Amino acid sequence: MVDTMRLIFLGPPGVGKGTQAEFVAKEFGIPKLSTGDLLRDSVQKKTTLGLKAKEFMDRGELVPDEVVIGLVREKLNSAECQNGFLLDGFPRTVPQADQLEILLNSKGDGLDRVLYFTLPKNEIVKRISGRRSCPQCKAVYHVQAIPPKKNGICDVCGADLIQRNDDKPETIESRLGVYHEQTAPLIEYYKAKNVLSELEGSGAVNDVQRRLLALLS
Ligand code: AMP
């Protein structure tokens, strides 16, 4: 447990950010904010925001900046985020990063570290296509690497696991294209601010965890 820790997990879809974010958030006692989870929640509840976001998400495209920034702003201003946070999947564009900086500056806060996860493309595709998600508690599995104890059932809450629409093979390529075009520029953006650390995302979950803790300690 540390006093404050403000982290961003950056990297392509399927690189393992979500799994590691879950672990780091528990380890350091900070809330994990996944914009993907927040958006999927809104879609599930069929809110106005969710209905708007769904078409973009199903196509593997990014939801418009102002929608996502609004969601994050609300969360970061809430009491639970005053002593730190881990952002998983945000920012994903330069305008989102600029808005985040403005928001943090206005509170006198700064980022401690941006962890940039890397993984070869063939590994990314394998991880995404084998991913299975719990629509209820958001736990994430992989058919080979992190299988649930009972096939197709969430270990945590017992719900039926699903394959996300955007994890289907036809959407993976377009998500990777969107990542390279719109999100990858953030690598240089945060390098220039001296807060970026690169993390090799290959290997078993435990191996990545060890590398991650070594970087953060
Ligand atoms: P993820 O769970 O992080 O892979 O996100 C799933 C989908 O939610 C993405 O493919 C986007 O459609 C949308 N999304 C999540 N985070 C963002 C963001 N920061 N900006 C725009 N769209 C996002």
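If you're wondering where the values come from, they're calculated on a predicted model, not measured in any experiment. When a ligand or atom number is given, it counts from 1 through the structure's own listing order.
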Q) Any idea which protein heavy atom is nearest atom 14 (N) of ligand 1, and the distance to it? A) Leu39 CD1, 3.4 Å

Q: Output yes when the distance from some N or O of ligand 1 to some N or O of Ser34 is under 3.5 Å, and no in every other case.
A: no

Q. Any N or O of Gly89 that comes nearer than 3.5 Å to an N or O of ligand 1?
A. yes

Q | Pick from Arg175, Gln182, Lys17, Arg59: the one approaching atom 4 (O) of ligand 1 most closely through a non-hydrogen atom | A | Arg175

Q. Should Val63 be counted as touching ligand 1, given the test is an N or O pair under 3.5 Å?
A. yes

(Q) Among Phe85, Tyr190, Tyr116, exactly one meets side chain to side chain contact (heavy atoms under 4.5 Å, CB included) together with Ile8. Which residue is that? (A) Tyr190

Q: Write out the residue and atom name of the closest protein heavy atom to atom 12 (O) of ligand 1, then the distance separating them to 0.1 Å.
A: Glu61 O, 2.5 Å

**Q.** Test: Lys168 and Glu170 ion pair at under 4.0 Å
**A.** no

(Q) Quick test of your reading of the model: are Lys193 and Glu101 salt-bridged, counting only N-O distances below 4.0 Å? (A) yes

Q: Using the ring of Phe56 (Phe, Tyr or Trp, six-membered ring only), decide whether Lys54 places NZ or CZ under 6.0 Å from its centre and within 45 degrees of its axis.
A: no

Q) Which atoms from ligand 1 have a heavy atom of Gln96 less than 4.0 Å away? A) 18 (C), 19 (N), 20 (N), 21 (C)

Q) How does the hydrophobic cluster around Val156 look, that is, which other residues are in it when side-chain heavy atoms under 4.5 Å mark a link? A) Tyr141, Leu161

Q: Run the numbers for me: atoms of ligand 1, each under 4.0 Å from some heavy atom of Thr35, listed by number.
A: 15 (C), 16 (N), 17 (C), 19 (N)

Q) What heavy-atom pair brings Leu38 and Lys75 nearest, and what distance separates the two atoms? A) CD2-CE, 3.7 Å

Q. With a cut-off of 4.0 Å, which atoms of ligand 1 are near a heavy atom of Arg164?
A. 1 (P), 2 (O), 4 (O), 6 (C)

Q: Return the option from Met57, Lys138, Arg92, Arg131 holding the heavy atom at the smallest distance from atom 1 (P) of ligand 1.
A: Arg92

**Q.** Electrostatic pair Asp167-Arg132, nearest N-O below 4.0 angstrom
**A.** no

Q. Side chain to side chain donor-acceptor pair (under 3.5 Å) with Lys138: which residues, sequence neighbours excluded?
A. Asp41

Q. At under 4.0 Å between heavy atoms, which part of Val68 makes contact with ligand 1: side chain, backbone, both or neither?
A. side chain

